[in-house]
Amino acid sequence: MLTDNPYQQIADLINDECFPELDTRLRRGEHIDARYHRLFNIIQDGFPLLAEYYLRFGSDLVQAPEAYYYLRPGTSGKSLIRSRKLDELTMIAGQVLAMFHLDPEQLEGSGWISTDAVYERLRLLLENDYLCQLLERKKIETQADRDKAMETLRRAIRQLARLGMVRLEGNQANRLQTQAPLMRFIDPVRSTASTTEGTRAAMEQLVRDGYISLDEDDESLKPDCTESEEKASNENVTVVVEQAIEEEQEA
């Protein structure tokens, strides 16, 4: 039977001139949405074939409700595609930015958010000691302390940008726009919050509680854990960033 789908077998996909770029981006942990028009169309048309293809590497190709795609390690736990985990700060920054993304006021105007605004939201939600710990500071009292803390936060935001979760204005990560893949961070509350307002409130509580896992079966990491408990918990519950790019060398 004739069909308009150009991909009838996996060889058709692999021979597409855009497949190497798509494959590379997915293996790096990037999220592919409609911004990547050509790549997005390839996944849409070839999804069943691609899903089967990546399953052979022990990875799942996921189609999210918000219309974006990404890879994650399969349930067998034996993925041939390397993966690593997000650190606490990047996870929590992602959760806070997901709250921004859910805010109707954020959609008005240009949609740009300053990194200062992200910092202020973190400062309001988190206890000071925990915030200092996340930002790699003993204290944040002077302007020099704040400047160094902000650079640590910008490093986390650049990681989110490399995963396709935010769009940066320039390379300094001083301003950003939220993107649909940030909705991965609402997964722990999808089934319990029936409204957008309820989702935002639930996300705020997760951040306040120090919950940094996207996996429903994992336990949360609390800010008041002892050092030994925190180390053990952090190995288990920090979210896996599938095939994430290695951190860029800072100049």
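FYI, side chains are in, hydrogens and waters are out, and symmetry mates aren't considered; it's all heavy atoms of this structure.
- Under the rule for a side chain to side chain contact (heavy atoms under 4.5 Å, CB included), the partners of Ile10 that lie at least two apart in sequence or sit in another chain are Leu13, Ile14, Leu49, Tyr53.
- Residues that satisfy the ring-ring contact (aromatic ring centres under 6.0 Å, His included) test with Tyr54, not counting sequence neighbours, are absent from this structure.
- In this structure, Thr196 and Leu102 approach most closely via the heavy-atom pair CG2-O, 3.3 Å.
- Atom-to-atom distance recorded for Leu182:CG and Arg184:CZ is 11.0 Å, nearest 0.5 angstrom.
- Leu206 has its side chain out of reach of Phe185: every pair of non-hydrogen atoms, C-beta onward, lies at least 4.5 Å apart.
- Looking at Leu50 and Phe19, their side chains come closer than 4.5 Å, going by heavy atoms from C-beta outward.
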Evaluation steps, side chain to side chain contact (heavy atoms under 4.5 Å, CB included), between Leu131 and Arg123: CA-CA 7 Å; Leu131 179 60; Arg123 194 171 64 84; 4.0 Å; yes
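- Gly74 and Asp60 make their closest contact through CA-OD2, 3.6 Å (heavy atoms, listed as atom of the first residue, atom of the second, distance).
- Atom-to-atom distance recorded for Thr178:OG1 and Leu160:CG is 11.5 Å, nearest 0.5 angstrom.
- Sorted by first and then second residue, the salt bridge (charged side-chain N to carboxylate O under 4.0 Å, His left out) pairs with a member in residues 168-181 read Glu169-Arg175; sequence neighbours excluded.
- Summarising the geometry, atom CD belonging to Glu141 is positioned 8.5 Å from atom CG belonging to Asn128; distances are rounded to the nearest 0.5 Å.
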Atom pairs and distances, side-chain donor-acceptor, residues 39-47, under 3.5 Å, sequence neighbours left out:
residue	atom	partner	partner atom	Å
Asn41	ND2	His37	O	3.4
Asn41	ND2	His37	NE2	3.2

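- For the atom pair Met150 CE and Arg155 CZ, the distance stands at 13.0 Å (nearest 0.5 Å).
- Every pair passing salt bridge (charged side-chain N to carboxylate O under 4.0 Å, His left out) that includes a residue from residues 11-24 is listed here, sequence neighbours excluded: Asp16-Arg38, Glu21-Arg25, Asp23-Arg27.
- Applying the salt bridge (Lys or Arg N to Asp or Glu O under 4.0 Å) criterion to Asp33, with sequence neighbours excluded, gives Arg35.
- The minimum heavy-atom distance between Ile186 and Met203, with the atom names listed, is CA-SD, 3.8 Å.
- The shortest non-hydrogen separation linking Ala202 to Val189 is CB-CG1, 3.6 Å.
- The heavy-atom pair separating Pro181 from Gly164 by the smallest distance is CG-O, 3.5 Å.
- For CD of Gln172, the number of neighbouring non-hydrogen atoms (other residues, nucleotides, ligands) closer than 6.0 Å is 12 at most.
- Looking at Arg154 and Asn174, their side chains come closer than 4.5 Å, going by heavy atoms from C-beta outward.
- With a 4.5 Å cut-off on side-chain heavy atoms, Lys78 and Phe57 do not count as touching.
- Checked by atom type, the side-chain pair Gln63/Tyr70 shows no donor-acceptor distance below 3.5 Å.
- Using a 4.5 Å heavy-atom cutoff, the side chains of Gln179 and Arg167 are in contact.
- No side-chain heavy atom of Asp87 sits less than 4.5 Å from a side-chain heavy atom of Leu134.
- Residues meeting the side chain to side chain contact (heavy atoms under 4.5 Å, CB included) test with Glu204, sequence neighbours left out: Met99, Leu125, Arg208.
- No more than 12 heavy-atom neighbours from other residues, nucleotides or ligands sit within 6.0 angstrom of CG on Asn171.
- In this structure, CD1 on Ile113 lies 5.0 Å from CG on Leu176, to the nearest 0.5 angstrom.
- In this structure, Glu30 and Leu163 have side chains that are not in contact, with every pair of non-hydrogen atoms separated by 4.5 Å or more.
- Between atom CZ of residue Arg158 and atom CG of residue Leu153 there is a gap of 10.0 Å, rounded to the nearest 0.5 Å.
- Put simply, the side chain of Gln8 gets close to the backbone of Asn5: a donor and an acceptor are under 3.5 Å apart.
- The salt bridge (Lys or Arg N to Asp or Glu O under 4.0 Å) search around Asp129 returns none, not counting sequence neighbours.
- Ile157 and Leu124 are not part of a single hydrophobic cluster, where members link through side-chain heavy atoms under 4.5 Å apart.
- Legend: residues meeting salt bridge (Lys or Arg N to Asp or Glu O under 4.0 Å) with Lys138, ordered by chain and number and at least two apart, are absent.
- Under the rule for a side chain to side chain contact (heavy atoms under 4.5 Å, CB included), the partners of Thr24 that lie at least two apart in sequence or sit in another chain are Arg28.
- Between Arg146 and Glu120, at least one side-chain nitrogen of the basic residue sits less than 4.0 Å from a carboxylate oxygen of the acidic one, meeting the salt-bridge criterion.
- The side chain to side chain contact (heavy atoms under 4.5 Å, CB included) test applied to Thr195 returns Glu197, not counting sequence neighbours.
- Between Ser83 and Pro73 the shortest side-chain heavy-atom distance falls below 4.5 Å.
- With sequence neighbours left out, the salt bridge (Lys or Arg N to Asp or Glu O under 4.0 Å) criterion links Arg121 to no other residue.
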